[in-house]
Amino acid sequence: MREILVAYPSKDTALKLRSLLECEGYSVPYVCATGASVLSIAQDMSEGVVVCAESLRDMTAGNIAEHLPPGFDIVALTRGDTESFRSNLIYLPLPVDRQEFLSTVGVLVNSVSSFTERNDGDDDVISKAKLILKETNGFSELQAHKYLQRESMKMGKKIAVLAQEIINDFM
């Protein structure tokens, strides 16, 4: 089971998230308020899950995702729509559904390696699946991406596996 690092600009919110996660049996040894702290702590860990706000004092969740070492996934709580599609970053809209939050974190924490880590060619498969979703369901690019993220988490499948299944079903 991978450890969790909580990063939030508000200390009270960070501690509430930590408490919620620990009550569910997860290990949360680190709480911080800046992206620099997240990156510094992550360098000393082999893998983990970061739960954070969309924006910290010094950087966004997207910036953190770009600089984290392999083996890390991020769950970012956001107040609005975002266009970032980093493979190791999952956005959950606020107010967040408690069960969706815990389920998302649970899948990431219990995966052997980065759940969102992709192989070569996965981006092409995901792009094709998003195109199918846009054409058949009238989704925007963002809606198609969020649909793939949400459904892959619900099913416990990598997003590229789900995308391939959508392509196969369409053909």
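Below, all heavy atoms of this structure are taken into account, side chains as well, without hydrogens, waters or symmetry copies. Because the structure is a prediction, the values reported are computed rather than measured.
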Item to check | Counterpart residues, side chain to side chain donor-acceptor pair (under 3.5 Å), relative to Lys11 (two or more places apart) | outcome: none

Next on the checklist: For a 4.5 angstrom cut-off between non-hydrogen side-chain atoms, does Asp73 reach Ile90?
Outcome noted: no

Item to check | Closest non-hydrogen atom pair between Arg98 and Glu24, with its separation | outcome: NH2-OE2, 3.5 Å

Next on the checklist: Are the side chains of Leu5 and Val51 in contact, using a 4.5 Å heavy-atom criterion?
Outcome noted: no

Checklist entry - Under the 3.5 angstrom rule, does the side chain of Arg18 hit a backbone N or O of Val28 as a donor-acceptor pair? => result yes

Next on the checklist: Between Met45 and Tyr30, is there a side-chain heavy-atom distance shorter than 4.5 Å?
Outcome noted: yes

Checklist entry - Are any of the side-chain heavy atoms of Val125 and Val161 separated by less than 4.5 Å? => result no

Checklist entry - If you measure from OG on Ser46 to CZ on Arg2, what distance do you get to the nearest 0.5 Å? => result 9.5 Å

Item to check | Close side-chain approach of Leu17 to Val31, heavy-atom, < 4.5 Å | outcome: no

Item to check | Verdict with supporting geometry, Ser127 and Asp124, side-chain hydrogen bond (donor to acceptor under 3.5 Å, both in side chains) | outcome: CA-CA 5 Å; Ser127 292; Asp124 290 338; 5.5 Å; no

Item to check | Contact check, side chains of Leu102 and Leu20, non-hydrogen atoms, under 4.5 Å | outcome: yes

Item to check | Rounded distance [0.5 Å steps], CD1 in Ile166 versus CG in Leu131 | outcome: 12.0 Å

Checklist entry - Which pairs with one or both residues in residues 146-171 pass ring pair (Phe, Tyr, Trp, His ring centres under 6.0 Å), sequence neighbours excluded? => result Phe139-Tyr147

Checklist entry - Does the side chain of Leu89 reach to within under 4.5 Å of the side chain of Tyr91, using non-hydrogen atoms? => result yes

Checklist entry - Under 3.5 Å, is there a donor-acceptor pair between the side chain of Ser40 and the main chain of Ala36? => result no

Item to check | Atom pair CD/CD of Glu151 and Glu165 - distance to nearest 0.5 Å | outcome: 11.0 Å

Checklist entry - Do Leu77 and Leu92 have side-chain heavy atoms sitting under 4.5 Å apart? => result yes

Checklist entry - Where the side chain of Ser37 meets the backbone of Ala33, is there a donor-acceptor pair that is under 3.5 Å apart? => result no

Checklist entry - If you round to the nearest 0.5 Å, how far is CD1 of Ile126 from CG of Leu148? => result 7.0 Å

Next on the checklist: Keeping Arg79 on the side-chain end and Leu94 on the backbone end, is there a donor-acceptor pair under 3.5 Å?
Outcome noted: no

Checklist entry - What pair of heavy atoms forms the shortest contact from Thr60 to Ser55, and how long is it? => result CG2-OG, 4.0 Å

Next on the checklist: As an exercise, state the distance from CG of Leu21 to CD of Glu3, rounded to the nearest 0.5 Å.
Outcome noted: 12.5 Å

Next on the checklist: Ile74 vs Val38, test: side-chain contact (heavy atoms from CB on, under 4.5 Å). Steps then yes/no.
Outcome noted: CA-CA 11 Å; Ile74 299 179; Val38 170; over 6 Å; no

Checklist entry - What are the two closest non-hydrogen atoms of Ala76 and Glu54, and how far apart are they? => result CB-CA, 4.4 Å

Checklist entry - Could you state the interatomic distance from CE (Met1) to CG (Leu108), rounded to the nearest 0.5 Å? => result 12.5 Å

Next on the checklist: One pair to check against side-chain contact (heavy atoms from CB on, under 4.5 Å): Leu39 and Met59. What are the steps and the verdict?
Outcome noted: CA-CA 11 Å; Leu39 297 175; Met59 63 181 71; 4.1 Å; yes

